[in-house]
A.B. asks: 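Here it is, the structure, as C-alpha cells.
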Amino acid sequence: MEGRSLKIVYIILILCIFLSACNKKMTNNSKDTLFINSFNAISKEGIVVSDNGVMTYYDYITGKETVLCTRLQCNHEVYDKDTNPNPDCPAVSSDKYSINCVFIADGILYFTTEGPRNSEKGLMTSKLYKADLNGENRVYLGVIDYDFRVFDTYIYENYIFGIINSIKVVSNEEGIVNTESTLQAVAINLNTLETVYLSEPDEITDAIQPYVYDGKLFCAFINAHNDMSEIRIFSLEDFTLIDTIQAKGYSYIKYSKDYMYYSYFNEGTEEINLCKKSLRTGKVTTLHIFKDSKNVSCGLSAVTGNYIFYRLLYYDGVNPAEDRGTYVFDMKDDSINEIDFSYSGIYAPVFAAVDDEHILLRYTEKGKVVYRYMKAVDFIDKSMDFIDIRPSQ
C-alpha cells in the first residue's frame with residue numbers, strides 16, 4: 001500500500017513538472033504590440049505607453065490605466081536631480097533620461113531611453129531595455145546607434161520592422177545644435193540588437209506598411225521624389241530579397257490574414273478598382289469598380305472581418321482637395337454605406353483594425369489624442385457601445 005502511494009505521489013510530481021514546463025513555453029502574447037503610433041503601442045487588448053515617463057497599460061474593456069508596477073506603496077516617481085536622483089520604480093527610467101518608447105513583443109516588455117551621443121559618428125543614440133510585464137527583472141540590452149523613433153512599425157516574435165530616424169549632429173556652435181536626419185527601413189532583432197537595413201538611406205519617403213506572412217516579410221517602398229512604388233518581399237530567415245511587385249497606382253495597402261487589400265487606378269480609364277490579392281496564390285480579385293473617378297483617390301483606412309473602410313478624395317491639381325466622404329464596403333453582400341463620424345457628438349475617424357471584429361477610432365480632445373475602441377458593426381450601426389482611452393502623453 002505504501003509503495004502504491006509513493007507511485008501516485010511520483011506520478012503527480014511528474015505531471016506537475018510537465019505542466020510547469022508547458023506553461024513556461026506557452027507565453028501569453030495577447031498583449032503584444034501590433035504597431036506603434038505617436039509613441040503609443042497598440043495591441044489586440046490595449047495600449048501601452050510612457051505616460052509622462054511612467055510605463056502604463058490601458059485596457060480596451062474598461063479604458064482604465066494600470067501602471068506597470070506591482071510594488072505596494074510605490075509612488076512611481078520619475079527622476080528629479082534633487083528629490084529623486086536614483087529612481088527605483090520598475091515603471092520608470094532608472095536614470096535622468098525619460099522613457100521615449102515602450103512596447104511589448106513576444107510577451108516581453110521593451111522600452112528605450114535617450115543614450116549617449118556616439119562621438120565618433122556624431123549620432124544620437126538610444127538605450128534599450130527589457131523586463132517582465134510588471135516592469136520587474138529589468139535587463140539592459142545595449143546602445144542603438146539611432147534615435148529610437150520607429151514608426152509604421154510591425155512586431156513579429158522577437159523582431160521589430162519599421163522606419164528608423166538616424167539623427168546626426170553636424171554642428172554645435174554657441175549652444176545652437178544643427179542636425180541632419182536619415183530615414184531607413186530596418187529589421188531589428190530585439191535579442192541581439194542586430195539591425196538589418198532593408199533600404200538605402202532616404203530611399204523611401206513614406207510608411208513601409210510591413211506585414212509577415214508564411215515566412216515572408218512584405219514592405220511597401222514608396223518614394224514621392226522619383227515616383228517609385230513597389231512591394232518588396234524578404235525572407236524572414238536572412239532578409240534577402242525574394243520578389244518585387246510593382247505597385248504604381250496602388251492606394252494605401254492594408255493586410256488581413258491571407259490577403260492584401262488595395263485600390264488601383266486603371267490607367268487610361270476613369271475607374272478605380274477595389275481589390276484583394278491572395279498572399280498564398282497571388283490571385284487578384286476585384287471587389288468593386290468605382291466609375292467616373294477622374295481625379296479621385298480611394299485610400300483604405302482599415303480592414304476587419306468583412307468590412308473595408310475607405311476614403312474618397314477629389315483633387316484636380318489646382319483647387320484644394322475635396323473630401324468626398326468615408327465609406328464601408330461589406331464583402332458579404334457588396335453593399336456600400338457612408339460613414340457618419342459625428343453621430344456620437346464628436347468627429348472620430350477610423351484609425352485601425354485590431355482584430356477580426358474591433359476597430360480603433362481616433363480623435364483629439366483638448367490637444368490630446370483619444371482612441372475609441374468598439375466593434376466595427378456597432379460603429380456602422382451608430383451604437384454608443386464603445387470605450388474611450390485617453391493616454392496622457
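Numbering starts at 1 and runs along the sequence shown.
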A.B. asks: Check whether Ser50 reaches the backbone of Ile99 with its side chain - one donor and one acceptor, N or O, closer than 3.5 Å.
C.D. replies: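 It does hold such a pair.
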A.B. asks: What is the ring orientation for Tyr129 with Tyr140, classed by angle as parallel under 30°, tilted 30 to 60°, or perpendicular over 60°?
C.D. replies: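 Judged by the thresholds at 30° and 60°, the geometry between Tyr129 and Tyr140 is tilted.
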A.B. asks: Tyr264: which residues meet the side-chain contact (heavy atoms from CB on, under 4.5 Å) condition with it, sequence neighbours left out?
C.D. replies: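 By the side-chain contact (heavy atoms from CB on, under 4.5 Å) rule, Tyr264 matches Tyr250, Tyr262, Asn266.
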A.B. asks: Which pair of non-hydrogen atoms, one from Ile163 and one from Ala207, has the smallest distance, and what is that distance?
C.D. replies: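 Heavy-atom minimum between the residues: CD1-CA, 4.0 Å.
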A.B. asks: Decide whether Asp381 and Ser383 meet the rule of one side-chain donor and one side-chain acceptor closer than 3.5 Å.
C.D. replies: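 On atom types as modelled, these side chains do not qualify, holding no pair under 3.5 Å.
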A.B. asks: Given the ring of Tyr261, does Lys254 sit roughly above its face, with NZ or CZ under 6.0 Å from the centre of the six-membered ring and within 45° of the axis?
C.D. replies: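 Pair Lys254/Tyr261 does not count as cation-pi.
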A.B. asks: Does Lys127 come within less than 4.0 Å of Glu114, counting only side-chain N to carboxylate O?
C.D. replies: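 Looking at Lys127 and Glu114, the cut-off is not met.
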A.B. asks: Would you say the side chains of Asn40 and Tyr371 form a donor-acceptor pair under 3.5 Å?
C.D. replies: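 Yes - a donor-acceptor pair under 3.5 Å links their side chains.
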A.B. asks: Using 0.5 Å steps for rounding, measure from the CZ atom of Phe35 to the OG1 atom of Thr33.
C.D. replies: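 Spacing of CZ (Phe35) from OG1 (Thr33) equals 9.5 Å.
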A.B. asks: Between atom CD1 of Ile36 and atom SG of Cys101, what is the distance when rounded to the nearest 0.5 Å?
C.D. replies: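 Result: 4.0 Å between the selected atoms.
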A.B. asks: How are the rings of Tyr255 and Tyr211 set relative to one another: parallel (under 30°), tilted (30 to 60°) or perpendicular (over 60°)?
C.D. replies: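 Ring orientation of Tyr255 relative to Tyr211: parallel.
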A.B. asks: Tell me every residue that passes salt bridge (Lys or Arg N to Asp or Glu O under 4.0 Å) with Glu357, counting only those two or more places apart in sequence or in another chain.
C.D. replies: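 Once residues adjacent in sequence are excluded, the partners of Glu357 under the salt bridge (Lys or Arg N to Asp or Glu O under 4.0 Å) criterion are Lys375.
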A.B. asks: Judged by modelled atom types alone, do Ser43 and Asp32 share a side-chain donor-acceptor pair under 3.5 Å?
C.D. replies: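 Not at all, the side chains of Ser43 and Asp32 share no donor-acceptor pair under 3.5 Å.
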A.B. asks: Pick out which of Tyr310, Phe341, Phe290, Phe309 makes a ring-ring contact (aromatic ring centres under 6.0 Å, His included) with Tyr327.
C.D. replies: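 The single option meeting the ring-ring contact (aromatic ring centres under 6.0 Å, His included) with Tyr327 is Tyr310.
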A.B. asks: Give a yes or no answer on whether the side chain of Asn273 reaches the backbone of Ile289 with a donor-acceptor pair at less than 3.5 Å.
C.D. replies: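 No, Asn273 side chain to Ile289 backbone: no donor-acceptor pair under 3.5 Å.
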A.B. asks: Show the numbers, then the answer: is there a side chain to side chain donor-acceptor pair (under 3.5 Å) between Asp132 and Asn137?
C.D. replies: CA-CA 6 Å; Asp132 296 339; Asn137 298 314; 2.5 Å; yes
A.B. asks: Starting at CG of Asp340, measure out to OH of Tyr347 and round the result to the nearest 0.5 Å.
C.D. replies: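 Answer for the CG-OH pair, Asp340 versus Tyr347, is 10.5 Å.
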A.B. asks: If you look only at pairs with a residue in residues 43-100, which of them pass as a ring-ring contact (aromatic ring centres under 6.0 Å, His included), with sequence neighbours excluded?
C.D. replies: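 Qualifying pairs: Tyr60-Tyr373.
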A.B. asks: Drop me the distance from Leu183's CG to Asp202's CG, to the nearest 0.5 angstrom.
C.D. replies: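 It is 5.5 Å, given to the nearest 0.5 Å.
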A.B. asks: Establish, from distance only, whether the side-chain atoms of Arg372 and Ser344 form a donor-acceptor pair under 3.5 Å.
C.D. replies: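 A donor-acceptor contact under 3.5 Å links the two side chains.
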